[in-house]
Amino acid sequence: MGAYDALKEQILGYAKYAAADVGQVAGARDAFMQFKELLNSGHVRAAEKLDGVWQVNGWVKQGILLGMKLGRLQAGRVESGAEGSAFTFIDKDTYPLRQFADDCGVRIVPGGSSVRDGSYLAPSVVMMPPAYVNVGAYVDEGSMIDSHALVGSCAQVGRNVHLSAAVQVGGVLEPVGAMPVIIEDGVMVGGNCGIYEGTIVGERSVIGTGVILNGSTPVYDMVNNTIHRRTEDSPLVIPEGAVVVAGSRGLKGDFATVHGLSIYTPIIIKYRDARTDAATALEEALR
Ligand SMILES: CC(C)(COP(=O)(O)OP(=O)(O)OC[C@H]1O[C@@H](n2cnc3c(N)ncnc32)[C@H](O)[C@@H]1OP(=O)(O)O)[C@@H](O)C(=O)NCCC(=O)NCCS
């Protein structure tokens, strides 16, 4: 029996109700609140690596969706000090802003960032403004979320990851069986990258500035003369230590030839070496 099996059964039971009815079901809100605390503390995760393989925890995603169904719209406001210019917002009351204790060890630099309740930031995570962490996200120790970055719903970010400015880590909440985006330990994601649709970025790889990865992007590996793709059984996986840069490839066909068309494609130009380490070295003092 897993530690949270009883709660899991409760969540799955309540998740069967329609949004219009579940609010009246005794115990549903309490079970959800208990579940959300386990998300906040990192004890339950939308996906985890078991015996070296990433597994989706579908019941966790069901629990997050249960919170959406249970939520009632609630207005909030942050006073600016000037009359008539309060910052107002409206969201489900089940997903307010995440509250942090003074001694939580997380650093959230002021300036427009939001962390949604039901997400985990380990002690020593640093978040530069503005950035957004959505429900179900898990960010492990020593990671940096730079300005204008998004950590989408259920995304799993490992230890000592650097998400550079404007990185978009897409959310994958539905379908409940779908793998969220995974960024493994020690990965450096360069500025303006977008990682979507359950892509798994392997340990210590480096995603060069401006690379976009989704379930439809083949990744050309110049070192191993192979093409990495999503298959029916597996999401797109970037191998450990790969250095991926934004490239292009010529399109086939008369029309493409006449017009000299090419299409964007990510390319593994090399695997990480001392030069890459030097190019991606991070200043400890900033952390
Ligand atoms: C990927 C990166 C780290 C370079 O890695 P590296 O190991 O130092 O790469 P190298 O300099 O050895 O380059 C290897 C080859 O790839 C090419 N290359 C390197 N980075 C490239 C990039 N981003 N786009 C296209 N080609 C690139 C080089 O020209 C070189 O090709 P060549 O041998 O034909 O000249 C760097 O390009 C990068 O994207 N850094 C992230 C910067 C960033 O976004 N910072 C965020 C701050 S908020």
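Please read these numbers as outputs of a predicted model, since none were measured by experiment. Whatever order the structure lists them in is the order used to number ligands and atoms, beginning at 1.
- Under the salt bridge (charged side-chain N to carboxylate O under 4.0 Å, His left out) criterion, K270 pairs with D273, not counting sequence neighbours.
- Taking the charged nitrogens against the carboxylate oxygens, D185 and R204 have no contact shorter than 4.0 Å, which rules out a salt bridge.
- Other residues, nucleotides and ligands place more than 12 heavy atoms under 6.0 Å from the CE atom of M68.
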One pair per line, please: each N/O atom of ligand 1 matched with every protein N/O atom under 3.5 Å away, atom names first, then the distance to 0.1 Å.
{"residue": "ligand 1", "atom": "7 (O)", "partner": "K270", "partner atom": "NZ", "Å": "2.7"}
{"residue": "ligand 1", "atom": "7 (O)", "partner": "T276", "partner atom": "OG1", "Å": "2.6"}
{"residue": "ligand 1", "atom": "11 (O)", "partner": "R275", "partner atom": "NE", "Å": "3.1"}
{"residue": "ligand 1", "atom": "11 (O)", "partner": "R275", "partner atom": "NH2", "Å": "3.2"}
{"residue": "ligand 1", "atom": "12 (O)", "partner": "K270", "partner atom": "NZ", "Å": "2.7"}
{"residue": "ligand 1", "atom": "12 (O)", "partner": "R275", "partner atom": "NE", "Å": "2.9"}
{"residue": "ligand 1", "atom": "39 (O)", "partner": "T209", "partner atom": "N", "Å": "3.0"}
{"residue": "ligand 1", "atom": "39 (O)", "partner": "T209", "partner atom": "OG1", "Å": "3.3"}
{"residue": "ligand 1", "atom": "44 (O)", "partner": "G191", "partner atom": "N", "Å": "2.7"}
{"residue": "ligand 1", "atom": "44 (O)", "partner": "T209", "partner atom": "OG1", "Å": "2.8"}

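- The stretch residues 107-124 participates, sequence neighbours left out, in these salt bridge (Lys or Arg N to Asp or Glu O under 4.0 Å) pairs: K36-D117, D91-R116.
- Among pairs with a residue in residues 245-257, none fulfils salt bridge (Lys or Arg N to Asp or Glu O under 4.0 Å), at least two apart in sequence or across chains.
- At a threshold of 4.0 Å, the pair K16-D21 does not count as salt-bridged, since none of the basic side-chain nitrogens sits closer than that to a carboxylate oxygen.
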